[in-house]
Amino acid sequence: MEFKVFEDKESLGKALAECLAALVKQKPNAVLGLATGSSPIPTYQALIQIAHEEGISFKEVTTFNLDEYVGLPEDDPESYRTFMRKELFSSLDFMEGAHHFPSEENMKDYDSMIDRKGGIDIQVLGIGTNGHIGFNEPETPFDSKTHVTTLAESTRHDNARFFGGDINAVPKKAVTMGLRTILGAKEIVLIATGKNKAEAIKKLHDGKADPSCPATILSERPEGVTIYLDKEAASLIA
Ligand code: F6R
């Protein structure tokens, strides 16, 4: 596992976007695993800019998102489909049908859908303050596949900022890729920015796989995992 520390979230986003753009240039039919939330926004903005400057096409690219809330209509302003459309998909030339999100309907088939596309080339992750990746909350079994999960109270609290600060508006359940699903990606990049992620990053850096901090499953993979940090998220490991 490699840790890279950047001056700020913008320079982090640019570096990671360059890596995603290089993959798509080299493999136009790449399969991307994507995350929502605040962490990947600078990366998506930089990727759009690079793609436009360099004329990189996403026509053959397939995407699989990590998670989606249960109970929100697809076009809800806070659904992860809406987030992805707004932050990335609508600005690039993806084909219709290129995007996949886990749902209660397809969750039993989601891992096979990924396999049938040849597997995920790069999986982008954020990390929760409690160490979750996707919505795999603490104590999720390490061998989990795509499944319905109950969001931790702390996660609903953290995400209330997207719902006008009202924790009661945050759904209680989500469908998420499992930890085993995530670990199956050929390459994994995790983004953490801000002081509130420093504690979880320290546990990840300690290198001991511990279900109370789900991200530590990444330490089972010595190769192909890169952790992108800003200085604040890296503050306890420097
Ligand atoms: C989002 C996801 C979550 C977030 C995490 C951090 O698709 O899977 O694990 O990455 O909750 O969220 P932010 O980036 O908003 O701090």
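When a ligand or atom number is given, it counts from 1 through the structure's own listing order. Throughout, residue positions are numbered sequentially from 1 according to the sequence presented.
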Pairwise side-chain contact, T36 with D67, heavy-atom cut-off 4.5 Å (strictly under): yes
Atom indices of ligand 1 within 4.0 angstrom of K197 heavy atoms, with elements: 6 (C), 13 (P), 16 (O)
Select one of side chain, backbone, both or neither to describe which atoms of L66 lie under 4.0 Å from any atom of ligand 1, heavy atoms only. side chain
For atom 1 (C) of ligand 1, what's the nearest protein heavy-atom neighbour? Residue, atom name and distance, please. T36 OG1, 3.2 Å
Would you mind finding which of G37, S39, P40 brings a heavy atom closest to atom 14 (O) of ligand 1? S39
Per-atom contacts of ligand 1 with S38, taking only distances under 4.0 Å to non-hydrogen atoms: 13 (P), 14 (O), 15 (O)
If you take the nearest heavy atom of each of N196, D67, L34, which one is closest to atom 8 (O) of ligand 1? D67
Nearest to atom 10 (O) of ligand 1, what protein heavy atom do you find, and at what distance? G126 CA, 3.2 Å
With heavy atoms only and a cut-off of under 4.0 Å, state how R161 meets ligand 1: side chain, backbone, both or neither. side chain
Mark up the atoms of ligand 1 that fall under 4.0 Å of a heavy atom belonging to G134, in ascending order. 2 (C), 3 (C), 8 (O), 9 (O)
With no hydrogens and no angle check, do the side chains of Y69 and N159 hold a donor and an acceptor under 3.5 Å apart? yes
Y80, any N or O under 3.5 Å of ligand 1 N or O: no
Is the distance from the ring center of F89 to that of F58 below 6.0 Å? no
Looking only at side-chain N and O atoms, does K173 offer a donor or acceptor that is under 3.5 Å from a partner on T150? yes
Using a 3.5 Å cut-off on N or O atoms only, is G128 in polar contact with ligand 1? no
T216 side chain to S219 side chain, donor-acceptor N/O pair below 3.5 angstrom: no
Ion pair present between E18 and K14, side-chain N to carboxylate O less than 4.0 angstrom? yes
Identify whether F3 and Y228 are in the same connected component of the hydrophobic contact network (ILVMFWY, side-chain heavy atoms under 4.5 Å). no
Below 4.0 Å, non-hydrogen atoms only: which portion of I127 touches ligand 1? Side chain, backbone, both or neither. backbone
Might you work through the side chain to side chain contact (heavy atoms under 4.5 Å, CB included) test for V225 and L190, ending with a clear yes or no? CA-CA 8 Å; V225 179; L190 183 146; 5.9 Å; no
What I want to know is whether N159 and ligand 1 share at least one N or O pair that is separated by under 3.5 angstrom. no
Quick one: which of M84, H132, E137 has a heavy atom closest to atom 5 (C) of ligand 1? H132
Check whether M84 and L16 end up in the same hydrophobic cluster, where Ile, Leu, Val, Met, Phe, Trp and Tyr are linked by side-chain heavy atoms less than 4.5 Å apart. yes
